[in-house]
Amino acid sequence: MAKPQKRYVCQACGGVATRWQGQCADCGEWNSLVEETANVTVFAAKHNLRSGGRAITLVGLDADIPLPKRWNTGIAEFDRALGGGLVPASATLIGGDPGIGKSTLLLQAAARMAMAGQSVAYISGEEAADQVRLRARRLGLGQAPVQLASATSVRDILTTLEKAPPALLVIDSIQTMHSDLIEGAPGTVSQVRASAQELIRFAKERGTALVLVGHVTKDGSIAGPRVLEHMVDTVLSFEGERSHQYRILRAVKNRFGGTEEIGVFAMAEAGLDEVANPSTLFLSARGEEMSGATVFPAIEGTRPVLVEIQALIVRLQSGATPRRAVVGWDSGRLAMILAVLEARCGLSFSTAEVYLNISGGYRVSDPAADVAVAAALVSALAERPVPTDCIAFGEVSLSGEIRPVAHGGLRLKEAAKLGFAKAWGPASKDGATPGMRHESFASLGALVDHILGRR
Ligand code: TYD
Ligand code: MG
């Protein structure tokens, strides 16, 4: 006999516990467990699932399949992050901190698609229709034929759209939606999950491209989109520092394409502008020759992005433990580079505070940044500037070797295009790049000697 059971669901990760606990055993979040009554049916062991079902057809991998059709959103950087546009009958989740620009981006995409003749519905559960309309007017998109509504009931929304399913359906945000099939307040894991499930089913059956906005909060009281990530086809993350202008749209998961491309935007007076050449954005504030700054040609997907790496070294007088602070890079990796510089190159940072910053609030995850970081640190320590027309890249091993990295040629070409003339890096197999002098170093020690003028 089915027996309703109490269960406690973590509002941060969706983990289920049978008893209330202060801390979620799965993700370690505190005070995130909330009681939910669900019909958890306990079957006796004899009820196995190995008979009584319908036979399904099993096929080989080699059958012909058409590539999924794609709709352009009218925003090239958005399409790029999606892997070529929105796929009909798919679900996409866009996560990001409050205020980062999710609603703005989606309103702009919705308006462009509507103006291109697609049917588009934009449902806001957070803002009144007038607020959205005002924003659209401010963005110069007031005339776009977008079907707009402020609603939170999934039943009302789907009943309305059932008659004429739109090509694009934007739900802003999934945390405000509620399904009357389930008890509980909007924003709880079970509500978010149930609402998303219904919306996704509608999208798959009706051929609609569904885009869900999801909030990410540190506070566990709102269900993070993590439980949703498994349900949707594509997960995009909209990132950036709110104090900085630029925003990056990155695919975290994509069932229809790769996850290596990013879309770059700048938040301006009239909404989000596309940034087709991100290097100019991140290097725009570069001034005179200064010690502690290097330029690193990062690769994002297939596109190089030049960023400035800044290091500051402050000598301590007292015996206090020196600080190491990193913005935009991995602190573990900084500790490793400092250790290699100490152990292999004879430099000492032990009595100095070390600050490392990637300019523009950009986050570097490319391992090829090691050499540029090391060069910035050495330059700051010795107060010897790196030439302004010089870039640096390469991976550093624990033995102090400088290792080759992928896309060396692409990095050099992009830097040459932007007026850089010299590159410090590993020996390269690629041919010479016109206008670029490649100075290769086998070890970090050799590069340090070069910066310090010992060679
Ligand atoms: P919004 O899209 O509402 O963020 P989200 O939906 O992710 O919470 O954008 C919020 C911020 O963007 C807001 O603080 C103001 C800024 N903004 C601009 O700078 N220019 C604009 O044209 C718009 C519409 C917003
Ligand atoms: Mg919003």
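Whatever order the structure lists ligands and atoms in, that order sets their numbers, starting from 1. Side chains included, hydrogens not; waters and symmetry mates left out as well; all remaining heavy atoms used.
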Original post:
With a cut-off of 2.8 Å, does Ser103 place any N/O/S atom under that distance from the Mg ion (ligand 2)?
Top reply: yes
Original post:
If you measure from each heavy atom of Gly271 to ligand 1, is any distance below 4.0 Å?
Top reply: yes
Subject >> Arg247 to Gln245 - nearest heavy-atom pair and separation >> reply: NH1-O, 3.6 Å
Original post:
Quick one: does Thr176's side chain get under 4.5 Å of Pro186's, heavy atoms only?
Top reply: no
Subject >> Part of Lys102 within contact of ligand 1 (heavy atoms, under 4.0 Å) >> reply: both
**OP:** Looking only at distances, please establish whether an N/O atom of ligand 1 is found under 3.5 Å from an N/O atom of Ser103.
**Re:** yes
Subject >> atom 21 (C) of ligand 1: nearest protein contact (heavy atom, Å) >> reply: Arg138 NH2, 3.4 Å
Original post:
For ligand 1, which atoms have a heavy atom of Ala270 less than 4.0 angstrom away?
Top reply: 22 (O)
Original post:
Identify the closest protein heavy atom to atom 3 (O) of ligand 1: which residue and atom is it, and at what distance?
Top reply: Arg135 NH2, 3.0 Å
**OP:** Nearest heavy atom to atom 24 (C) of ligand 1 wins, so pick from Leu106, Thr104, Ile100.
**Re:** Thr104
Original post:
Any non-hydrogen protein atom below 4.0 Å of atom 13 (C) of ligand 1?
Top reply: no
Original post:
Which residue supplies the protein heavy atom nearest to atom 4 (O) of ligand 1, what is that atom called, and how far is it?
Top reply: Gly101 N, 3.1 Å
**OP:** Would you mind checking which non-hydrogen protein atom is closest to atom 19 (O) of ligand 1, with the distance to 0.1 Å?
**Re:** Met267 CG, 3.4 Å
Original post:
Looking only at protein heavy atoms, which one is nearest to atom 8 (O) of ligand 1, and how far off is it?
Top reply: Gly99 N, 2.7 Å
Original post:
Does an N or O anywhere in Ala268 fall below 3.5 Å from an N or O of ligand 1?
Top reply: yes
Original post:
Short N/O distance, under 3.5 Å, between Pro98 and ligand 1?
Top reply: no
Original post:
Once you round to the nearest 0.5 Å, how far does CG of Leu312 lie from OG of Ser291?
Top reply: 9.0 Å
Original post:
Among Gln197, Lys204, Glu205, which one satisfies side-chain contact (heavy atoms from CB on, under 4.5 Å) with Arg201?
Top reply: Glu205
Subject >> Region of Leu139 that comes within reach of ligand 1 [heavy atoms, distance under 4.0 Å] >> reply: side chain
Subject >> Arg155 with Glu198: basic N within carboxylate O range, under 4.0 Å >> reply: no
**OP:** Consider only side-chain N and O atoms of Glu126 and Ser173, and report whether a donor and an acceptor are under 3.5 Å apart.
**Re:** yes
Subject >> Side-chain donor or acceptor of Asp370 paired with backbone N/O of Gly394 under 3.5 Å >> reply: no
Original post:
Between the side chain of Asn254 and the main-chain N/O of Leu82, is any donor-acceptor distance below 3.5 Å?
Top reply: yes
Original post:
Which atoms from ligand 1 have a heavy atom of Glu269 less than 4.0 Å away?
Top reply: 20 (N), 21 (C), 22 (O)
Original post:
For Asp172 and Ser124, does a side-chain donor sit closer than 3.5 Å to a side-chain acceptor?
Top reply: no
Subject >> Nearest heavy-atom neighbours spanning Pro387 and Lys422 >> reply: CG-NZ, 3.7 Å
